[in-house]
Amino acid sequence: MRGVLLLGAAHYPELWTSEVFAKDLELMKRIGLNVVRVAEFTWSLLEPIEGRYDFVWLHELVDSYGRNGIRVVLGTPTATPPPWLVKKYPDVLPVDFNGVPARYGVRREYCPNNPVYRTLTERIVRRLASEFRDDGNVIGFQIDNEVHWGEASSWRYCYCPYCIARFREYLRARYGDIDTLNKAMGTLVWSHRFTDFDEITPPKPPFDLYNRSLTIEWLRFRSLSWVEYVRFQASILKEVAPDKFVTTNLMGLYPEIDYYELCRDLDVCSTDVYPKFGADTYDPAFIALIYDATRNMSRNRRFIVMELQAGATDGYGYVSPEGIGVFKLGVSPEPGEIRKWVYQAVAHGAEGVLFWNWRTNCIGKEQFWHGILDHDGIPRRRFNEVEKVFSELYRIGKAVDGTSVEAKTAVLLSYDSLWAADVIERGYYSHSYVGELIKAYKALWLNRVEVDVIPPNSTFESYGVIVAPFLYLADGGLVDRLREFVYRGGVLLLTPRAFTKDEYNRVRIDDTKIQELTGVKIKEYTRLPADSEALVKFTEWSPIMHGMTVRGSSWLEVYEPVTANPIAYTKWSWLSDEPIVTLNTYGKGETIAIGTVLPQDVLTNLVKEILVFKNIAPIIHEDDYDPSIEYYARVMGTGKLIFIINHGATDRKAKFELKNITEVTDLLTDKKIEPGKIELPLRAHDVKILSVK
Ligand SMILES: [Zn+2]
């Protein structure tokens with residue numbers, strides 16, 4: 001994969017005639033496409049009858065791609081079990097809480113914990129890998145497709161006998177004996193003291209009704225079920241075809257599987273991104289967050305975009321705890337938007353971009369999920385735009401190769417906290433974990449610094465500033481690592497409800513290690529009424545935000561300092577004049593605790609002052625801040641590529657200064673630019689890349 005970016009699309013030639021396939025290949029060559037992902041939904045072709053395989057057609061396809069200089073990523077076809085399989089082995093179907101199995105007819109109609117499905121998976125995956133292990137045109141395998149419970153099974157949980165049995169085994173392995181579990185989980189509440197693991201049944205939504213400790217374990221187990229299923233397939237693929245890379249395509253920031261764990265053993269991480277799916281507008285910062293998380297989900301920071309939106313998305317029905325809903329047909333990407341999405345991915349470290357898909361389907365399902373080509377296959381606006389960006393990337397590929405994103409700041413993404421706050425105690429708070437995560441990320445991103453979005457089991461060594469939003473549930477190991485991070489000189493920014501729960505999702509009290517880290521005890525807290533705001537008055541001597549008064553909402557916790565200095569006091573009803581923001585010096589670093597939910601602009605300003613305080617320089621310096629322009633950088637040695645992306649739908653002028661730079665080249669035009677203060681005109685959705693030294 002080194003040397004040139006992977007540029008491609010998902011392709012479904014099995015749905016079209018051989019004449020169409022021949023035309024597709026011609027157009028693929030014209031556009032400079034160098035990779036396709038194929039076959040991930042073709043089990044009923046590869047194994048039309050149980051035990052009878054047909055790989056001839058797929059070999060012919062792969063050969064055709066190869067003759068045209070196109071490499072292939074093969075999908076393992078397990079996302080779509082064929083009808084014969086479900087008819088013969090109906091207990092592979094996911095089962096709802098009442099014991100009713102899902103009906104066949106959509107996709108993903110299987111439970112990854114089902115032993116028969118594991119056997120059938122192994123057979124087809126082993127066969128696929130054996131068929132293509134010596135085929136030089138195949139560069140890698142994608143495991144399944146967007147693994148999760150859903151679509152076929154409402155509410156995204158499986159209560160089949162295998163899941164329940166494995167859940168009990170998971171608990172036995174984790175707790176050892178039932179008394180230990182009873183003690184850890186506080187099962188005496190409501191008289192749930194178990195005498196045996198086989199008395200345990202998993203909870204269901206609304207999870208709020210159930211034991212908190214048991215429920216967090218059920219959510220961890222659900223995630224682990226997919227982690228183990230992906231590892232199961234990965235081990236077969238690596239055993240049979242060790243030379244091919246193995247990946248699985250993630251769904252952006254899908255909250256139900258710990259993607260850091262899911263990707264831990266994969267060669268490269270990949271994700272699917274549809275900025276305009278299900279909404280008329282989107283926040284480019286959220287797309288940036290997905291990339292900065294995906295890069296860190298990868299064990300080696302390598303990732304590709306396996307599916308990038310190529311045209312308007314289809315409508316889509318869904319089942320949620322609130323009922324049945326549907327996403328409207330998408331709004332088509334504006335001119336320049338597709339090219340911009342490609343560059344945003346590359347700016348954040350992507351080593352390749354594949355579109356979904358090549359040609360818009362006419363049949364079956366997803367008939368209006370638009371590809372690079374429309375239904376009729378005639379090259380139009382979107383095709384021309386992809387052709388343009390692909391040709392540009394070929395031209396600049398060498399300059400991009402070997403560069404990487406290096407971040408001195410990070411945001412902590414804790415799935416445990418997400419599940420504890422947003423899933424189990426859904427609706428308890430006026431703010432959500434995911435909302436606060438996005439806000440924390442944006443507070444850094446808007447300040448023009450590179451950001452890593454990292455899991456709690458990181459070492460934190462390379463960062464100067466870590467923002468840990470709504471860190472509701474934290475285990476002792478995380479507390480220790482955060483202490484070490486601050487002790488050796490880092491700045492840790494905490495928002496309300498940090499460390500509320502321990503690893504068993506129990507409320508924590510009197511933890512001296514946390515008190516040393518934060519320097520405070522929580523004196524009193526309250527949820528704020530919907531129409532109420534708390535004033536936050538920073539002191540004149542505060543090193544950040546000094547003398548400023550801002551407003552918080554949703555939550556108020558006031559602190560009793562132990563070693564910390566209050567740097568802001570609140571004004572709100574009976575809690576007026578109590579410390580609400582504190583700064584604790586611990587070792588060489590500082591912990592800042594904020595006791596209310598701040599709006600985006602205030603948090604962004606506060607983070608800006610922390611970055612100045614820590615001498616973390618922005619990628620560029622600007623007098624007139626333009627929030628519609630994104631700046632992001634990839635570095636190698638002393639050189640740097642600065643991506644300047646206009647996310648606005650109008651023409652802008654990027655005005656900024658580069659300090660300590662002697663040489664600036666516009667990478668796309670090869671023109672030299674005078675260093676220092678720079679002005680660059682940017683059309684709507686336009687992108688410039690500066691190579692600087
Ligand atoms: Zn199951």
Side-chain angles (χ1 to χ4, degrees), residues 9-10 12 15 40-41 79-80 94 96 102-109 144-157 205 249-257 259 270-291 293-294 305-334 337-338 340-341 344-345 354-375 382 418 422-423 426-427 432-435 437-438 647 649 685:
Y12 302 91
L15 306 180
E40 78 279 12
F41 298 131
T80 48
D96 75 9
R103 290 270 184 191
Y104 183 77
V106 187
R107 59 177 176 176
R108 310 210 56 75
E109 295 98 340
D144 202 279
N145 180 74
E146 299 182 340
V147 291
H148 71 296
W149 271 299
E151 297 179 340
S153 55
S154 55
W155 288 22
R156 303 176 187 278
Y157 303 91
N249 54 334
L250 311 177
M251 293 184 285
L253 210 64
Y254 184 74
E256 296 175 6
I257 301 168
Y259 275 169
S270 61
T271 192
D272 299 349
V273 173
Y274 296 91
K276 286 179 134 173
F277 173 49
D280 292 356
T281 58
Y282 64 98
D283 185 349
F286 181 65
I287 310 302
L289 162 58
I290 290 171
Y291 294 137
T294 307
V305 183
M306 191 60 90
E307 297 181 10
L308 180 64
Q309 182 172 352
T313 53
D314 209 347
Y316 230 93
Y318 61 88
V319 183
S320 75
E322 285 78 29
I324 294 172
V326 67
F327 293 118
K328 283 189 165 56
L329 284 175
V331 177
S332 196
E334 295 173 22
E337 220 167 4
I338 294 172
K340 178 187 80 177
W341 290 337
Q344 191 184 20
L354 286 77
F355 285 99
W356 206 94
N357 66 16
W358 171 253
R359 184 192 278 255
T360 314
N361 291 340
C362 291
I363 56 173
K365 162 75 177 143
E366 299 187 334
Q367 295 176 342
F368 300 111
W369 204 301
H370 291 79
I372 297 169
L373 293 172
D374 292 317
H375 300 93
R382 301 193 308 279
L418 192 167
D422 284 11
V423 181
R426 185 186 176 88
S432 69
Y433 180 83
V434 170
L437 175 80
I438 294 169
H647 287 292
H685 304 299

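- Residues meeting the ring pair (Phe, Tyr, Trp, His ring centres under 6.0 Å) test with His685, sequence neighbours left out: none.
- The side chain to side chain contact (heavy atoms under 4.5 Å, CB included) test applied to Ala312 returns Ser332, His370, not counting sequence neighbours.
- The side-chain hydrogen bond (donor to acceptor under 3.5 Å, both in side chains) search around Gln344 returns Glu630, not counting sequence neighbours.
- The salt bridge (charged side-chain N to carboxylate O under 4.0 Å, His left out) analysis of residues 276-289, with sequence neighbours excluded, yields the pairs Lys276-Glu337, Asp283-Lys442.
- Two residues are said to be in side-chain contact when any heavy atoms from C-beta on lie closer than 4.5 Å; Met306 and Asn145 fail this criterion.
- With sequence neighbours left out, the ring pair (Phe, Tyr, Trp, His ring centres under 6.0 Å) criterion links Phe277 to Phe327, Trp369.
- His375 approaches Gln367 most closely through the heavy-atom pair NE2-O, 2.7 Å.
- At least one side-chain heavy atom of Leu329 sits less than 4.5 Å from a side-chain heavy atom of Asp314.
- Aromatic rings of Trp356 and Tyr12 (six-membered ring for Trp) have centroids within the 6.0 Å cut-off, being under it.
- The side-chain hydrogen bond (donor to acceptor under 3.5 Å, both in side chains) test applied to Thr271 returns no partner, not counting sequence neighbours.
- Inter-residue side-chain proximity for Trp341 and Val273 is flagged as unmet; no heavy-atom pair is nearer than 4.5 Å.
- Pairing each heavy atom of Thr80 with each of Glu40, the nearest pair is OG1-O, 4.1 Å.
- The shortest heavy-atom contact between Ala310 and Asn357 is CB-O, 4.2 Å.
- Pairing each heavy atom of Gly311 with each of Pro333, the nearest pair is C-CD, 3.5 Å.
- Between Leu437 and Leu418 the shortest side-chain heavy-atom distance does not fall below 4.5 Å.
- Scored by the side-chain hydrogen bond (donor to acceptor under 3.5 Å, both in side chains) test, Asp272 finds Asn249 as partners (sequence neighbours excluded).
- Shown here are the side chain to side chain contact (heavy atoms under 4.5 Å, CB included) partners of Ala345, two or more places apart in sequence or in another chain: Tyr291, Val305, Ala350, Val353.
- How far CG of Leu289 is from CD1 of Ile438: 6.5 Å, rounded to the nearest 0.5 Å.
- Contact annotation: the side chain of Arg108 approaches that of Asp144 to within less than 4.5 Å [non-hydrogen atoms, C-beta and beyond].
- No side-chain heavy atom of Phe368 sits under 4.5 Å from any side-chain heavy atom of Thr360.
- Residues satisfying the side chain to side chain contact (heavy atoms under 4.5 Å, CB included) criterion with Tyr254, sequence neighbours excluded, are His148, Arg156, Met251, Glu256, Ile257, Tyr259.
- Every residue was checked against the side-chain hydrogen bond (donor to acceptor under 3.5 Å, both in side chains) condition with Tyr104, not counting sequence neighbours, and none meets it.
- The heavy-atom pair separating Arg359 from Asp374 by the smallest distance is CG-O, 3.7 Å.
- The NZ atom of Lys328 lies 12.5 Å from the OG1 atom of Thr313; values are rounded to the nearest 0.5 Å.
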